[in-house]
Amino acid sequence: MHKYYYDEYYNDVSEFADRYKLVKNPHIVGVYSNSLPMAVHLSSAMKCPLSISKVEDDKARWLLNYTEDRDLRPKDCPLFPRLIVVDINYGMGNTFKAIKQLPEFIDNPDYTFFSIYGNKNDDRVYFNYEQVYKDIVLPWNLIKEKKDE
């Protein structure tokens, strides 16, 4: 088990926001899972819209989809947004493969898949750290863990 502490998380989120701050029209897509708090945090830090997708049985669907909402786009960016899908852990890739099948991704080649932890892959999923741990305890789960003790 690996405990991913808040200071590591904060540094990773800051680095991510710095990396994508020059993108003209970013749009965070959060995966409805343990990583949703990170997606909300990134959307707030980058001051950009957030949509939420959920994957069940290897099929993706939108829980909240603002990708088509032109009112959320910067005035100087009429084009479809740069979708940035974020998740904490990339394992087999089924989540990202399912999301790629949504029309917003099929019709828009301008997207990025990003995960804090991942493995080498052919799915073009970028990650910060190679996933070598079975379980990753996230900062928001550490709070529960402390209460339970």
Report yes if some heavy atom in the side chain of Arg61 is under 4.5 Å from a heavy atom in the side chain of Lys59; otherwise report no. no

Should the pair Tyr117 and Tyr4 be assigned to parallel (<30°), tilted (30 to 60°) or perpendicular (>60°) ring geometry? perpendicular

Distance col, row Ile84:CD1 vs Ile28:CD1, nearest 0.5 angstrom, shows 4.5 Å

CA sep, side-chain torsions, deciding dist, call: Asn94, Val55, side chain to side chain contact (heavy atoms under 4.5 Å, CB included): CA-CA 9 Å; Asn94 295 344; Val55 177; over 6 Å; no

Measure across Asn121 and Asp123 and return the closest heavy-atom pair with its distance rounded to 0.1 Å. OD1-N, 3.0 Å

Sub-6.0 Å ring centroid separation between Tyr126 and Phe114: no

Nearest non-hydrogen partners of Ser53 and Leu102, listed with the distance: CB-CD1, 4.5 Å

Can any side-chain N or O of Ser115 pair as donor or acceptor with the backbone N or O of Asn89 at less than 3.5 Å? yes

Side chain to side chain contact (heavy atoms under 4.5 Å, CB included) between Phe96 and Arg124, intermediate numbers included: CA-CA 10 Å; Phe96 290 122; Arg124 294 183 18 219; over 6 Å; no

Grab the two heavy atoms, one from Lys3 and one from Glu8, that are nearest each other, plus how far apart they are. O-OE1, 3.7 Å

Measure the shortest side-chain to side-chain distance between Phe105 and Val85 over non-hydrogen atoms and say whether it is less than 4.5 angstrom. yes

So, taking the atom named CG in Asp58 and the one named CD in Gln101, what distance separates them when rounded to the nearest 0.5 Å? 11.0 Å

With the side chain counted from C-beta on, respond yes when Asn128 and Glu15 share a heavy-atom pair under 4.5 Å apart, and no when they do not. yes

Measure the spacing between CG of Asp18 and CE of Met46 and express it to the nearest 0.5 Å. 10.0 Å

Do Asp87 and Ser33 have side chains that approach each other closer than 4.5 Å (heavy atoms only, starting at C-beta)? yes

What distance separates Tyr6 OH from Asn11 CG, expressed to the nearest 0.5 Å? 10.0 Å

Atom OG of Ser14 and atom NE2 of His41: how far apart are they, to the nearest 0.5 Å? 7.0 Å

If I compare all heavy atoms of Trp62 with all of Ile52, which pair ends up nearest, and what's the gap? CE3-O, 3.5 Å

Minimum heavy-atom distance between Leu83 and Glu104, given as atom pair plus value: CD1-O, 3.9 Å

Would you name the heavy atoms of Leu50 and Tyr66 that are closest together and state the gap between them? O-CD1, 3.4 Å

When you measure from the side chain of Ser43 to the backbone N and O of Cys48, does any donor-acceptor pair fall under 3.5 Å? yes

Residue pair His27 / Ser51, side-chain donor-acceptor N/O under 3.5 Å: yes

Any side-chain heavy atom of Phe16 within less than 4.5 Å of one from Met38? no

Any chance the rings of Phe127 and Tyr90 have centres within less than 6.0 Å? no

Just wondering, are more than 12 heavy atoms of other shown residues or ligands nearer than 6.0 Å to OH in Tyr129? yes

